[in-house]
Enquirer: 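Got a structure for you, written out below as structure tokens; questions coming shortly.
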Protein chains: 2
Amino acid sequence: MNAPPLTKNQALVFDVLEKAEGPLSAYTILDKLRDHGFRAPLQVYRALEKLLEYGVVHRLESINSFVACAHPGENCHSHGIVAFAICESCGQVMEFHDHEVDHRLMDWTRGKKFKAEKTTIEIRGLCEACAA
Amino acid sequence: MNAPPLTKNQALVFDVLEKAEGPLSAYTILDKLRDHGFRAPLQVYRALEKLLEYGVVHRLESINSFVACAHPGENCHSHGIVAFAICESCGQVMEFHDHEVDHRLMDWTRGKKFKAEKTTIEIRGLCEACAA
DNA sequence: ATCAATTGCGTTATGCTATAACGTGTGCGA
DNA sequence: TCGCACACGTTATAGCATAACGCAATTGAT
């Protein structure tokens, strides 16, 4: 699932996410792109759908937001399960991968014959700077 | 954080969740409780807030729904991180705990000096019956 | 070359999820 | 008895996401 060349809207949305300090909601992205002609949520959601598919953007389920993948250029889907630590104070997101966690979860799903499609791991709390 | 006696609304909401086959959205709960006098979303959300606090109900972030804890009577918060496998076909939810996963995530947060408050692990896919 | 299928795009409308803000009543300890 | 905390009810609003329609551009098989 490597990313094909992005369309205009996809590139605009991706650009906003990449330049952002932290995760953004779809409507925040929309507002940032009004000057570029965006007028409706669907324009954002449709672009996001593709960017998620290509693996260059992640969705943070617990805060209804989106963030650019921390591994530009690479195919993030191949790193196994992606985990996130989200600071509830400053909004910063750290993305990481842990193969041992993947392994444990896969063991569990295998044992239950559960066919996993998409796994979410999100840790909310305070980053080092904000916890001080 | 053991559960104090539930108020009327809390008991009603909890009862609906416990008798349900799978997770329910707040608005679905509301509809099921109209006969009991519920008229507004806040009545549900306020009850859910407490039930979540008491640990007798879990929120499934990835599907904006709520489910009764699978360990009635016990204090679920003491089991460590709760993980869920959610069947996208039949809606059934399996709740489980894996201390090794907890450890790995805690190791990571310790290393980053990240103060974890709430961790979400949700696996979406197909249960054994539905995958067949 | 042409037709059909696919994909992206724009727009309007709508539905679902969640909370703000205000007021009421009740119980309980100082 | 006063003040406080808490549950509750109601109205309104904010925030998140998609349905359904139509148009334009691209591609690719015949």
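The figures that follow rest on heavy atoms only: side chains count, while hydrogens, waters and symmetry mates do not.
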Enquirer: What residues, two or more places apart in sequence or in another chain, satisfy salt bridge (charged side-chain N to carboxylate O under 4.0 Å, His left out) together with B:K50?
Expert: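 Applying salt bridge (charged side-chain N to carboxylate O under 4.0 Å, His left out) to B:K50 gives B:E53.
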
Enquirer: Grab the two heavy atoms, one from B:I81 and one from B:D102, that are nearest each other, plus how far apart they are.
Expert: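 Heavy-atom minimum between the residues: N-OD2, 3.0 Å.
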
Enquirer: Using side chain to side chain contact (heavy atoms under 4.5 Å, CB included) as the criterion, list what pairs up with A:N64, not counting sequence neighbours.
Expert: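 A:N64 satisfies side chain to side chain contact (heavy atoms under 4.5 Å, CB included) with A:R59 once adjacent residues are dropped.
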
Enquirer: Rounding to a whole Å, what distance do you find between A:R39:CZ and C:dT12:P?
Expert: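 Going from CZ in A:R39 over to P in C:dT12 covers 8 Å.
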
Enquirer: Quick one: is D:dC8 close enough that its OP1 or OP2 comes under 4.0 Å of any side-chain N or O from B:Q43?
Expert: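 False: B:Q43 side-chain N/O out of range (4.0 Å or more) of D:dC8 OP1/OP2.
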
Enquirer: Separation of B:L6 atom CG from D:dC6 atom P, in whole Å?
Expert: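 Computing the B:L6:CG to D:dC6:P distance gives 16 Å.
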
Enquirer: Which pairs count as ring pair (Phe, Tyr, Trp, His ring centres under 6.0 Å) when at least one residue sits in residues 28-49 of chain A, sequence neighbours excluded?
Expert: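 Of all non-adjacent pairs touching residues 28-49 of chain A, none passes ring pair (Phe, Tyr, Trp, His ring centres under 6.0 Å).
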
Enquirer: Tell me every residue that passes side chain to side chain contact (heavy atoms under 4.5 Å, CB included) with A:R110, counting only those two or more places apart in sequence or in another chain.
Expert: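 For A:R110, the residues satisfying side chain to side chain contact (heavy atoms under 4.5 Å, CB included) (neighbours in sequence not counted) are A:M106, A:D107.
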
Enquirer: What residues from residues 7-32 of chain B pass a heavy-atom cutoff of under 4.0 Å to DNA chain D?
Expert: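 Within residues 7-32 of chain B, the residues near DNA chain D are B:T7, B:K8, B:N9.
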
Enquirer: Could you state the atom-to-atom distance from CG of B:L52 to P of C:dA18 in whole Å?
Expert: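 Distance check: B:L52 CG to C:dA18 P gives 11 Å.
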
Enquirer: Figure out the CD/P separation between B:E49 and C:dT17, and round it to whole Å.
Expert: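 That distance rounds to 18 Å.
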
Enquirer: Closest nucleotide of DNA chain C for A:A40 versus for A:K50: which of these residues is on the 5' side?
Expert: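 The answer here is A:K50.
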
Enquirer: For a quick check under 3.5 Å, do B:S62 and B:E122 share a side-chain donor-acceptor pair by atom type?
Expert: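 Yes, a side-chain donor-acceptor pair sits under 3.5 Å.
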
Enquirer: Which letters describe nucleotides 20-25 of chain D, given B = protein heavy atom under 4.0 Å from base, S = only from sugar-phosphate, - = neither?
Expert: B-----

Enquirer: Output all residues satisfying salt bridge (charged side-chain N to carboxylate O under 4.0 Å, His left out) with A:R124, sequence neighbours left out; order by chain, then residue number.
Expert: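 If we apply the salt bridge (charged side-chain N to carboxylate O under 4.0 Å, His left out) test to A:R124, skipping adjacent residues, the hits are B:E61.
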
Enquirer: Quick one, which residues of residues 58-68 of chain A touch DNA chain C with a heavy atom under 4.0 Å?
Expert: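 Nothing qualifies; none.
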
Enquirer: Considering residues at least two apart in sequence or located in another chain, which fulfil the side chain to side chain donor-acceptor pair (under 3.5 Å) criterion with B:S89?
Expert: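 Side chain to side chain donor-acceptor pair (under 3.5 Å) check on B:S89 returns nothing, list empty.
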
Enquirer: Name the atoms and distances for all side-chain donor-acceptor pairs under 3.5 Å in residues 6-15 of chain A, with sequence neighbours left out.
Expert:
{"unit_1": "A:T7", "atom_1": "OG1", "unit_2": "A:Q10", "atom_2": "N", "d": "3.4"}
{"unit_1": "A:T7", "atom_1": "OG1", "unit_2": "A:Q10", "atom_2": "NE2", "d": "3.4"}
{"unit_1": "A:Q10", "atom_1": "OE1", "unit_2": "A:T7", "atom_2": "N", "d": "3.2"}
{"unit_1": "A:D15", "atom_1": "OD1", "unit_2": "A:K19", "atom_2": "NZ", "d": "3.4"}
{"unit_1": "A:D15", "atom_1": "OD2", "unit_2": "A:K19", "atom_2": "NZ", "d": "2.7"}

Enquirer: Check side chain to side chain contact (heavy atoms under 4.5 Å, CB included) between B:K112 and all other residues, then give those that pass, not counting sequence neighbours.
Expert: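 With neighbours one apart ignored, the set is A:M94, B:W108, B:F114.
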
Enquirer: With sequence neighbours excluded, what pairs up with A:E49 under the salt bridge (charged side-chain N to carboxylate O under 4.0 Å, His left out) test?
Expert: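 Residues passing salt bridge (charged side-chain N to carboxylate O under 4.0 Å, His left out) with A:E49: none at all.
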
Enquirer: What is the distance from CG of A:L48 to C1' of D:dC16, rounded to the nearest Å?
Expert: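 That distance rounds to 12 Å.
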
